[in-house]
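Report on the structure given below.
Everything quoted here is computed from the prediction, not taken from an experiment. The figures here come from the full heavy-atom set of this structure, side chains too, leaving out hydrogens, waters and symmetry mates.
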Amino acid sequence: MKSAINQTSAIKLILQTQTHQDFEQQQQYGAMIRSLSREKSAQIRDWQLFHNAVPLESIAPHLNLENLKASWAYPRGILDGIGLRLRNSDASLHAALAPEGMIESLIFEVLEQIRVESNCPEELKGCRQNTQTQFIAWMQQFIASGGVEGSIGLLLATIFSTVWMKLNSQPMPQLMQDIVEATRAGIAENMGPLLVKLKANRNDQEAYARVTYEIIKLVSGLIADEYRNNPSIRTKRKNQSATHLKIEWVPPHAGKIATDFKSPANHLSEQRYLLKKSLEKYHTYNSSYDTEDEAKKKIRSAQLAIYQDELNQEIAKQNIPWAKLIRIYQQIFSSQLPRRWQTTEAEGLLDRRYLTRAVTSPLQSPLYKQLATSSKINARTTLLIDCSGSMKEQRVKIASCVDSLVRILEQAGIKTEVLGYSTSTWQGGRPFKEWRKNGQPPNPGRLNERAHWIFKDFDTSWRRSRAGIAALLRPEIYAESIDGEALIWATERLQNSSDNRYTHKMLILFSDGCPMDRATIEANGEEFLKNHLLQAIAWCEQQPNLQLWGCGIGEELRPYFPNRLSWDHEIHNLSENLMNWAKELKNVKAK
């Protein structure tokens, strides 16, 4: 257990670097996929493909997003292939028909991708050429990396290339044809009629899948015969290691964590019900020691003044263009009000109410009306800071970013709140001691003393709350972290801050990784706090008019945040950070 705890604690090191350039590239690639697929929900998060807010688990290996950075790959072909998959394949039907097993699911997925790519519209000649180039490049890489050295790998390469040539009416490079020719000749009698059926049914996904099942059955039989002819266990293992591991493929649902409440197959009401039940499973052993305090009230006035002076000096060094940034953030958060008529204008459309005056006094100017447009800012933003021990090293930079962002947002007309979360003690404190005293009953729930900090509330101006924000520099508040509870707490405060249902609300979480409370993890397992955080994220996504953002989130949790802000350790200029965030906020609003 100790090793597991150490492994978890190693995740929370520092706010994770994600450059603005990386964000922009993912946004660009996501836009290309959405353009071709016509699926507005398709996006790339942390180089993982998401569709309808959930990861697309089943995708052909030659379209793996990791291949975008490979020297042999053709990136545009990967993106176009994904777009065609979302456009020409029914995801729910595909999931329902997909077989289990490593080889079976791989064949099913690749053949379905060949089908959708072969159905590329005639007018999209460039797209067709891109996908064909990428498929051939992948096959060549598979052969070059030794994928056909084993009999199973050679059989798979033969099946894939033969189906691809039949459906696309295109030849493979001669070298590839030479490599698979003997195997293709050996299965031609059985495979020939199936190829004809595949091409005849390529516009019918379900009928095509039935033929694919026949091919899977054929391949399974050939593999079984191969093992019968080589009964040695050593030979079996050699064949497996020489073939299965040459293609990076994980069958759908393998190793999937318990987040069924986000399944797109469920109705919205059913999703909410499942999520509610999942959240109810989370419990605390003793919450009587939990605290919620204004951070500045826990610090001596003299020490708080020192923190505030340190923060002022750090920000003063940055030479931030306040006026420019305020204008930019105003444009991002402003919303157009319904257009209305503005009367008594000197020009425009003639106002019917003044028809008589138009005849009797045509030279009078206020006879016209115009449609006037106006904008209004009706938004609230909460900044939630992870005050775990691993964040302590970056507290000056975090406090500078938070103070500057709050100043800009307030002067742009946006109300803000700054909150934080940690624990009052390390390794459990009083609840943990009580649990041990009572015989250590299983599954006790959270065993630490939760500490929620208020650095600034919505009703306090930025100028009056600067001392509170400076309290972020106090090292003693940084301990362990219970992220899921804090996220729900901050969201509820944000939702209750305004009764106006048209208010746009944004919650930005600054964190460096997974929740970390050693006592709770030791008693409940590694996934207890992490799963609750994932459920809290899903719950936030269901809240009306609420947008959740993550900044500095670690790689393990980053894909679960629908929106993220960049955090680049190489950037020491605060102005550049604030400008990058504005661009990232604007990109999401423009979707």
Side-chain angles (χ1 to χ4, degrees), residues 26-45 47-52 54-68 70 72-98 105-142 159-170 172 195 198-209 211-212 247-249 252 264:
Q26 292 184 59
Q27 291 284 344
Q28 179 185 6
Y29 286 165
M32 293 166 69
I33 293 173
R34 289 191 294 273
S35 175
L36 178 59
S37 66
R38 296 179 290 197
E39 290 285 344
K40 295 181 179 179
S41 68
Q43 61 178 165
I44 297 176
R45 301 185 202 163
W47 300 109
Q48 186 173 356
L49 181 63
F50 279 71
H51 183 227
N52 292 327
V54 296
L56 188 61
E57 298 175 338
S58 179
I59 195 77
H62 66 286
L63 302 183
N64 191 322
L65 291 181
E66 293 182 0
N67 294 336
L68 288 170
W72 57 266
Y74 190 64
R76 189 57 194 262
I78 296 174
L79 300 173
D80 286 350
I82 294 172
L84 289 173
R85 163 65 190 278
L86 298 177
R87 175 172 174 158
N88 295 336
S89 181
D90 185 326
S92 57
L93 177 61
H94 181 78
L97 296 174
S105 59
L106 173 62
I107 296 173
F108 187 81
E109 183 59 50
V110 174
L111 264 58
E112 172 63 9
Q113 185 62 37
I114 293 174
R115 182 187 75 85
V116 299
E117 291 180 7
S118 70
N119 285 332
C120 180
E122 289 293 333
E123 62 272 17
L124 300 178
K125 294 181 180 179
C127 176
R128 180 186 292 272
Q129 182 61 47
N130 293 336
T131 55
Q132 291 178 354
T133 301
Q134 169 58 18
F135 185 85
I136 292 174
W138 175 67
M139 289 294 297
Q140 289 175 328
Q141 173 64 18
F142 177 62
I159 295 293
F160 297 157
S161 60
T162 304
V163 172
W164 186 88
M165 287 190 290
K166 182 67 175 180
L167 267 63
N168 288 276
S169 301
Q170 293 287 330
M172 279 280 180
L195 291 173
L198 283 179
K199 188 161 188 176
N201 292 287
R202 68 177 185 173
N203 293 313
D204 185 336
Q205 183 175 347
E206 189 170 0
Y208 182 91
V211 183
T212 301
I247 299 179
E248 294 184 5
W249 171 250

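The two atoms that bring Gln113 and Gly81 nearest to each other are NE2-O, 3.0 Å, heavy atoms only. The nearest pair of heavy atoms linking Leu97 to Glu206 is CD1-CA, 4.3 Å. Across all their heavy atoms, Phe108 and Ala209 have their closest contact at CE1-CB, 3.9 Å. Considering all non-hydrogen atoms of both residues, Asn168 and Ser118 come closest at OD1-CA, 3.8 Å. Across Trp47 and Gln26, no two heavy atoms sit closer than the pair N-OE1, 3.2 Å.
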Step by step, work out the salt bridge (Lys or Arg N to Asp or Glu O under 4.0 Å) result for Glu39 and Arg85. CA-CA 11 Å; Glu39 290 285 344; Arg85 163 65 190 278; over 6 Å; no
Evaluate Lys199 against Ser169 for side-chain hydrogen bond (donor to acceptor under 3.5 Å, both in side chains), listing each step before the verdict. CA-CA 10 Å; Lys199 188 161 188 176; Ser169 301; 3.0 Å; yes
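Residues Leu63 and Trp138 fail the side-chain proximity criterion, which asks for heavy atoms closer than 4.5 Å. You'll find the side chain of Leu106 reaches within 4.5 Å of the side chain of Phe160, heavy atoms only. Contact check for Asn64 versus Ile78: no side-chain heavy atoms found under the 4.5 Å cut-off. At least one side-chain heavy atom of Trp164 sits less than 4.5 Å from a side-chain heavy atom of Met172. Side-chain contact between Leu198 and Lys166 is absent, with no heavy-atom pair separated by less than 4.5 Å. When side chains are defined from C-beta on, Leu36 does not count as touching Leu79, because their heavy atoms never get closer than 4.5 Å.
Partners of Gln129 according to the side-chain contact (heavy atoms from CB on, under 4.5 Å) rule, which considers only residues two or more places apart in sequence or in another chain, are Gln132, Thr133. Residues satisfying the side-chain hydrogen bond (donor to acceptor under 3.5 Å, both in side chains) criterion with Tyr29, sequence neighbours excluded, are Gln25. Partners of Ser35 under the side-chain hydrogen bond (donor to acceptor under 3.5 Å, both in side chains) rule, at least two apart in sequence or in another chain, do not exist in this structure. Considering only residues two or more places apart in sequence or on other chains, Tyr74 meets the ring-ring contact (aromatic ring centres under 6.0 Å, His included) condition with none of them. Scored by the side-chain hydrogen bond (donor to acceptor under 3.5 Å, both in side chains) test, Asp204 finds no partners at all (sequence neighbours excluded). In terms of the side-chain hydrogen bond (donor to acceptor under 3.5 Å, both in side chains) criterion, residue partners of Glu112 (sequence neighbours excluded) are, by chain and number, Ser89, Arg115.
There is no side-chain donor-acceptor pair under 3.5 Å between Asn88 and Asn119.
Here the CD1-CD1 distance, from Ile44 to Ile82, works out to 6.0 Å after rounding to the nearest 0.5 Å.
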